[in-house]
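The structure appears right after this line, and notes come after that.
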Amino acid sequence: MTRLWTRLALVMALALAPLAPALAVQPDEVLQDAGLESRARQISQQLRCPVCQGENIDESNAPISRDLRLFVRERLVAGDSNDEVLDNVVDRFGEFVLFDPRATGSNLILWMAGPLMAVLAALAAARFLRARNRPTPEVAALDPAEAKRLDEIMRGN
């Protein structure tokens with residue numbers, strides 16, 4: 001019975017293995033210091049691969065991602081803080097490599113555009129609903145002089 005459960009667990013582990021995130025970090029990139037390696041992994045989760053764009057640099061097999069992973073680890077070994085490492089990467093590649101761009105400078109326009117559009121849409125919807133609920137004004141019938149003038153205009157006189 002124990003053998004059955006062991007085999008079942010093995011089959012389940014093998015079946016679910018492809019669902020785990022595949023990390024492209026090579027064994028020669030891993031730092032000996034577990035604390036620094038943990039920090040490198042945290043930083044790598046925040047950096048987008050410039051080639052793949054949808055993957056962080058830990059998951060990407062692109063050569064540029066490998067270079068970025070090595071650069072991050074070099075900076076950490078040199079004693080940089082996490083923020084200093086991110087600043088160095090942004091200086092080289094621009095804000096594009098950050099999965100969560102900073103809300104400063106020209107990015108501030110992008111950060112504020114969504115909420116501003118939501119407020120404008122809410123105001124437009126409120127105005128539309130208020131205008132729709134107003135009663136339509138009653139139209140008075142034409143008096144005989146106006147009816148005669150309209151008839152002349154329509155006939156081209």
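Nothing fancy with the numbering, it's 1 onward along the sequence.
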**Request:** Check step by step if side-chain contact (heavy atoms from CB on, under 4.5 Å) holds for L70 and R66.
**Result:** CA-CA 6 Å; L70 292 173; R66 176 178 166 79; 4.2 Å; yes
[X] and [Y]: which non-hydrogen atoms are nearest, and at how many Å?
| X | Y | answer |
| --- | --- | --- |
| L76 | L36 | CD1-O, 3.6 Å |
| S44 | N56 | O-CB, 3.3 Å |
| R39 | N82 | NE-OD1, 2.8 Å |
| G79 | E84 | O-OE1, 4.4 Å |

**L120 CG: over 12 foreign heavy atoms closer than 6.0 Å** = yes
Using 0.5 Å steps for rounding, measure from the [atom1] atom of [X] to the [atom2] atom of [Y].
| X | Y | atom1 | atom2 | answer |
| --- | --- | --- | --- | --- |
| I64 | C52 | CD1 | SG | 11.0 Å |
| E37 | Q42 | CD | CD | 11.0 Å |
| S65 | R48 | OG | CZ | 11.5 Å |
| C49 | R69 | SG | CZ | 9.0 Å |

**From L47, D80, V90, residue fulfilling side-chain contact (heavy atoms from CB on, under 4.5 Å) relative to V85** = D80
**Message:** When you measure from the side chain of D151 to the backbone of A147, do you find a donor-acceptor pair of N or O atoms at a distance under 3.5 Å?
**Reply:** no
**Message:** Less than 4.5 Å apart, side chain to side chain, heavy atoms only: is that true for L68 and F93?
**Reply:** yes
**Asked** Side-chain contact, heavy-atom cut-off 4.5 Å: I57 with I43?
**Response** no
**Check ion pair E152-R149 (N to O, under 4.0 angstrom)** = yes
**Request:** Take F71 and N88 through the test side-chain contact (heavy atoms from CB on, under 4.5 Å) and record every step on the way to the result.
**Result:** CA-CA 9 Å; F71 177 75; N88 280 327; 3.8 Å; yes
